[in-house]
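To start, the structure under review is shown below, and the notes come after it.
Below, chains carry the letters A, B, ... as their sequence lines are ordered, and counting in each starts from 1.
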Amino acid sequence: MSNPVFDRIQNDIDSNDIVLFMKGDKMFPQCGFSATVVEILNYFNVAYETHNVLQDESLREGIKQFSDWPTIPQLYVKGEFLGGCDIVREMAANGELVAHFESVGIEPQD
Amino acid sequence: MALTSPEIEDMIKEILPDAQVQVQDMRGDGSQFAAHVVSAQFEGKNRVQQHQMVYKALKGKVGEELHALSLQTSTPE
């Protein structure tokens, strides 16, 4: 029995290079951890999609099961779960994030 | 009832007996913790897997009573 929420998530992360499941949106993050990841992505000036889990309870719970990760935000790059706020912040700080973007062919926007 | 630093440390050590665990209660009221866990059992695992091991040790409390836990994991030098 396929899980419609999982299918939706899978489709999103397959059709967008970078997808951020967060609380709030790019303009109005509604949680410090989500805001931190938005700031990091904006800093690297890469294109990304966001999904506001606060507007969709089934997504809010579904994404945690999908990735086996208990918290929001969750960042996906080229369909792969990269981590939450801690991991993204650590990777951004030590240069791993930009190296990862380059390794999967993600360029900053002009 | 909010968790305390020692309780978090014990739960992690129960699953990762060799781990060195430091847990700080950032605001002193049990609302926000920072933890650094060093364990040889993280060898060969990426960060997501390492964090998932710690979350499993915390038996589903992360995201529930344990709303804000900023986590750092590493293998022994």
Side-chain angles (χ1 to χ4, degrees), chain A residues 9 13 18-24 29-37 39-40 53-54 56-101 103-104, chain B residues 2-3 5 7-12 14-16 19-39 41-77:
Chain A
I9 293 168
I13 63 176
I18 301 176
V19 183
L20 177 63
F21 296 90
M22 63 178 289
K23 289 177 181 173
Q30 289 173 289
C31 141
F33 298 117
S34 290
T36 298
V37 178
E39 277 157 32
I40 288 172
V53 300
L54 297 179
D56 183 341
E57 195 53 31
S58 67
L59 178 61
R60 181 175 186 169
E61 289 318 312
I63 191 69
K64 292 176 188 174
Q65 287 149 24
F66 182 86
S67 54
D68 185 22
W69 190 262
T71 55
I72 302 292
Q74 295 187 18
L75 184 64
Y76 287 75
V77 175
K78 292 274 188 183
E80 186 206 345
F81 176 56
L82 216 59
C85 180
D86 290 334
I87 290 178
V88 172
R89 193 172 36 200
E90 206 175 322
M91 290 179 73
N94 66 22
E96 269 183 70
L97 189 59
V98 70
H100 184 69
F101 285 152
S103 74
V104 292
Chain B
L3 280 166
S5 299
E7 280 168 342
I8 294 171
E9 276 168 28
D10 292 346
M11 288 172 82
I12 294 171
E14 210 182 301
I15 303 292
L16 299 168
Q20 287 145 30
V21 186
Q22 285 131 16
V23 180
Q24 278 172 309
D25 183 339
M26 304 304 281
R27 295 211 188 111
D29 61 4
S31 68
Q32 192 159 3
F33 289 93
H36 188 181
V37 183
V38 181
S39 166
Q41 296 184 49
F42 290 149
E43 299 276 357
K45 298 213 166 37
N46 67 31
R47 266 196 208 88
V48 168
Q49 291 161 331
Q50 292 176 17
H51 286 216
Q52 282 170 329
M53 287 167 73
V54 176
Y55 289 149
K56 282 202 175 56
L58 294 172
K59 303 186 179 70
K61 290 192 185 302
V62 174
E64 301 303 334
E65 303 98 296
L66 200 46
H67 171 62
L69 166 69
S70 78
L71 183 57
Q72 244 194 316
T73 54
S74 51
T75 52
E77 288 312 311

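- If you measure heavy-atom distances from A/Glu96 to chain B, the contacts under 4.5 Å come from the side chain alone.
- The minimum heavy-atom distance linking B/Gln52 with A/Ser67 is given by the pair NE2-O, 3.1 Å.
- Contacts between A/Phe81 and chain B at a heavy-atom distance below 4.5 Å involve backbone atoms as well as side-chain atoms.
- Residue B/Asn46 holds its CG atom at 9.5 Å from CG of A/Leu82, rounded to the nearest 0.5 Å.
- Residue contact with chain A, scored on non-hydrogen atoms closer than 4.5 Å, is absent for B/Gln49.
- For the options A/Asp68, A/Asp86, A/Ile72, heavy-atom pairs under 4.5 Å to chain B are most numerous at A/Asp86.
- Taken from OG1 in A/Thr71 to CG in B/Leu66, the straight-line distance is 10.0 Å, to the nearest 0.5 Å.
- Using cut-offs of 30° and 60° on the angle between ring planes, the pair A/Trp69 and B/His51 is parallel.
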